[in-house]
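Just so we're clear, the structure is a prediction, and the values are computed from it rather than from any experiment. Any value given below was found using the heavy atoms of this structure, including those in side chains, with hydrogens, waters and symmetry copies removed.
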Amino acid sequence: MTEPPQHPEVLEAVLSLPQNYRTVIYLYYYEGYKETEIAGILKKKVNTIYTWMYQAKQILKKQLGGE
């Protein structure tokens with residue numbers, strides 16, 4: 001399981017994401033679900049989850065100014 005980010009600015013940035021991005025990031029990093037499990041929970045295709053994860057990470061990278 002991936003360790004959730006501990007910095008308050010990261011959580012704030014995650015919470016500022018659009019709903020679909022925020023949900024997949026939260027379920028993956030904070031709840032420990034795998035992409036395939038998230039797809040089942042949200043009733044979406046796995047590729048949609050991968051796309052949302054990628055796009056959310058890009059937004060977070062810009063907001064937090066790093067990698």
Side-chain angles (χ1 to χ4, degrees):
M1 181 168 103
T2 306
E3 205 46 44
Q6 297 298 318
H7 302 286
E9 65 274 8
V10 174
L11 180 58
E12 186 177 318
V14 168
L15 294 176
S16 75
L17 291 170
Q19 178 70 40
N20 55 340
Y21 298 161
R22 179 174 59 239
T23 302
V24 295
I25 292 293
Y26 182 82
L27 289 173
Y28 184 80
Y29 287 104
Y30 292 88
E31 296 293 327
Y33 289 101
K34 294 181 167 91
E35 291 91 341
T36 53
E37 295 171 318
I38 296 170
I41 292 168
L42 299 180
K43 297 179 178 29
K44 300 288 182 186
K45 293 181 180 180
V46 176
N47 283 340
T48 300
I49 302 306
Y50 286 132
T51 299
W52 288 354
M53 292 276 294
Y54 175 79
Q55 292 171 339
K57 288 177 187 180
Q58 295 302 308
I59 293 169
L60 290 171
K61 192 183 292 187
K62 285 182 184 178
Q63 285 182 350
L64 299 171
E67 303 196 22

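- The minimum heavy-atom distance between Val24 and Met53, with the atom names listed, is O-SD, 3.8 Å.
- Membership of an apolar cluster is not assigned to Tyr54, as no side-chain contact below 4.5 Å to another ILVMFWY residue is traced.
- How far CG of Leu64 is from CD1 of Ile59: 11.5 Å, rounded to the nearest 0.5 Å.
- The number of heavy atoms from other shown groups lying within 6.0 Å of CD (Gln58) is above 12.
- Residue Lys34 places its NZ atom among 12 or fewer non-hydrogen atoms of other residues, nucleotides or ligands, all under 6.0 Å distant.
- In this view, Tyr50 and Glu35, Val46, Asn47 satisfy the side-chain contact (heavy atoms from CB on, under 4.5 Å) rule, not counting sequence neighbours.
- Side-chain contact between Leu60 and Gln63: present, with at least one pair of heavy atoms (C-beta onward) separated by less than 4.5 Å.
- Taken to the nearest 0.5 Å, the CG atom of Leu11 stands 12.0 Å off from the CD1 atom of Ile25.
- Leu42 CG to Ile49 CD1: the interatomic distance, rounded to the nearest 0.5 Å, is 5.0 Å.
- Residues passing the side chain to side chain donor-acceptor pair (under 3.5 Å) test with Gln55 are Tyr21, sequence neighbours excluded.
- Gln19 is linked by a side chain to side chain donor-acceptor pair (under 3.5 Å) to Arg22, Thr23, counting only residues two or more places apart in sequence or in another chain.
- A search for side-chain contact (heavy atoms from CB on, under 4.5 Å) contacts involving Thr48 returns Lys44, Lys45, Trp52, not counting sequence neighbours.
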